[in-house]
Amino acid sequence: MTHGQIGLELLETAKNILGQISTPTACLSLNNKSDVNLIKAQAAQLLKRLDRGQGVLIITDLYGATPHNIAHALSLDHPGNTHSSDINSISKAIVSGLNLPMLLRALNYAQDLSLEDLAEKTTQGGHLGITCQQVEINISAEL
């Protein structure tokens, strides 16, 4: 669940890198005109469709932003959550900060790990995919 087409583009890129993906996936794209209640309803339907009895990993692009907040609201079991009766039995884990290494890690390990371990492995992939290299540039005065 992401702002704009970020999730769709990264999923397409991951498919190009990995080839065949056997893990069921879906993307929800939000913009500043999205109806939050409609997105919640769509997300609840997707959770039901994607769950194969092991739970669903929800990846969002930005912690604390609308996509994350919607995912978090759907994960709560409380009377004010109008979608909770349909999806309470589905285990959910939310990982935020989507990047390509994170998504590749999630797709590579989805069939092999429990939901809790998959969320941790996905988070590790995101962290390990971020590096900083110091590059020294020598510019010659003779150019």
Side-chain angles (χ1 to χ4, degrees), residues 1-139 143:
M1 194 176 322
T2 64
H3 293 91
Q5 303 300 310
I6 296 169
L8 290 170
E9 292 296 332
L10 285 175
L11 184 57
E12 279 304 309
T13 302
K15 287 177 181 178
N16 286 332
I17 293 169
L18 298 174
Q20 184 70 20
I21 295 175
S22 59
T23 302
T25 60
C27 291
L28 267 179
S29 300
L30 286 77
N31 63 45
N32 60 351
K33 294 180 180 154
S34 295
D35 179 331
V36 172
N37 290 323
L38 178 61
I39 296 294
K40 281 183 186 177
Q42 291 172 336
Q45 290 301 314
L46 285 174
L47 286 172
K48 289 188 281 187
R49 190 182 92 210
L50 294 172
D51 183 41
R52 301 289 185 260
Q54 310 298 316
V56 177
L57 177 64
I58 304 168
I59 302 176
T60 69
D61 57 349
L62 185 62
Y63 177 80
T66 303
H68 173 86
N69 293 340
I70 291 171
H72 182 71
L74 289 173
S75 71
L76 300 176
D77 177 15
H78 61 81
N81 186 349
T82 58
H83 305 288
S84 65
S85 60
D86 291 341
I87 60 173
N88 275 346
S89 62
I90 300 173
S91 296
K92 301 163 220 59
I94 304 167
V95 176
S96 293
L98 175 62
N99 62 28
L100 186 57
M102 174 188 288
L103 183 57
L104 291 170
R105 188 72 64 102
L107 294 170
N108 276 323
Y109 289 94
Q111 304 297 326
D112 302 326
L113 299 175
S114 68
L115 181 60
E116 181 179 331
D117 290 342
L118 179 61
E120 181 61 32
K121 185 68 94 172
T122 298
T123 302
Q124 289 172 355
H127 289 165
L128 293 173
I130 299 170
T131 65
C132 179
Q133 297 177 336
Q134 299 296 324
V135 178
E136 192 172 313
I137 300 174
N138 292 320
I139 302 175
L143 295 177

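Below, all heavy atoms of this structure are taken into account, side chains as well, without hydrogens, waters or symmetry copies.
Between S34 and S29, the closest heavy-atom pair is OG-O, 4.3 Å. Taking both residues in full, the closest heavy atoms of V95 and A119 are given as CG2-O, 3.8 Å, listed atom of the first, atom of the second, then distance. Considering every non-hydrogen atom in both R49 and R52, the closest pair reads O-NH1, 2.6 Å. When every heavy atom of A14 is checked against every heavy atom of L107, the shortest pair comes out as CB-CD1, 3.7 Å. Of all heavy-atom pairs spanning C27 and L11, the tightest one is SG-CD2, 3.8 Å.
Judged by distance alone, the side chain of N108 and the main-chain N or O of L104 form a donor-acceptor pair under 3.5 Å. In this structure, S91 contributes its side chain and G55 its backbone to no donor-acceptor pair below 3.5 Å. Between the side chain of K92 and the main chain of I87, a donor-acceptor pair closer than 3.5 Å is present. N99 places a side-chain N or O within donor-acceptor distance of the main-chain N or O of G126, the cut-off being under 3.5 Å. D61 places no side-chain N or O within donor-acceptor distance of the main-chain N or O of L98, the cut-off being under 3.5 Å.
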Q) Given the rule in the side chain to side chain contact (heavy atoms under 4.5 Å, CB included) test, do K121 and D117 qualify, once you have shown the distances and angles that lead to the verdict? A) CA-CA 6 Å; K121 185 68 94 172; D117 290 342; over 6 Å; no

Q: Begin from the C-alpha positions of V36 and N69 and carry the test side chain to side chain contact (heavy atoms under 4.5 Å, CB included) through to its verdict.
A: CA-CA 10 Å; V36 172; N69 293 340; over 6 Å; no

(Q) I'd like to know whether K15 forms a side chain to side chain contact (heavy atoms under 4.5 Å, CB included) with I21, so could you lay out the CA-CA distance, the side-chain angles of the two residues, the decisive distance to 0.1 Å, and finally the verdict. (A) CA-CA 7 Å; K15 287 177 181 178; I21 295 175; 3.2 Å; yes

**Q.** Chi angles and distances behind the side chain to side chain contact (heavy atoms under 4.5 Å, CB included) call for S96, I59
**A.** CA-CA 6 Å; S96 293; I59 302 176; over 6 Å; no

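Interatomic distance, H72 NE2 to L74 CG, rounded to the nearest 0.5 Å: 10.5 Å. The structure places CD of E120 at 4.5 Å from CD of Q124, a figure rounded to the nearest 0.5 Å. Considering CG of L28 and CD1 of I70, their distance stands at 8.0 Å, rounded to 0.5 Å. Distance check: Q5 CD to L30 CG gives 10.5 Å after rounding to the nearest 0.5 Å. Note that CD1 of I90 and CG of D51 are 4.5 Å apart. Values are rounded to the nearest 0.5 Å. Separating the CG atom in L128 from the CZ atom in R105 is a distance of 5.5 Å, to the nearest 0.5 Å.
The number of heavy atoms from other shown groups lying within 6.0 Å of NE2 (H3) is above 12.
Using a 4.5 Å heavy-atom cutoff, the side chains of T123 and H127 are in contact. Between L46 and V56, every side-chain heavy-atom pair lies at or beyond the 4.5 Å cut-off. The closest side-chain heavy-atom distance from I58 to L47 is below 4.5 Å. In this structure, L100 and I17 have side chains that are in contact, with non-hydrogen atoms separated by less than 4.5 Å. For the pair I94 and S75, the minimum side-chain heavy-atom distance is below 4.5 Å. No side-chain heavy atom of Q20 sits under 4.5 Å from any side-chain heavy atom of S22. Looking only at side-chain heavy atoms (C-beta outward), T60 and M1 come within less than 4.5 Å of each other.
Considering only residues two or more places apart in sequence or on other chains, Q111 meets the side-chain hydrogen bond (donor to acceptor under 3.5 Å, both in side chains) condition with T23. For the ring-ring contact (aromatic ring centres under 6.0 Å, His included) test, residues two or more places apart in sequence or in another chain that qualify with H68 are Y63.
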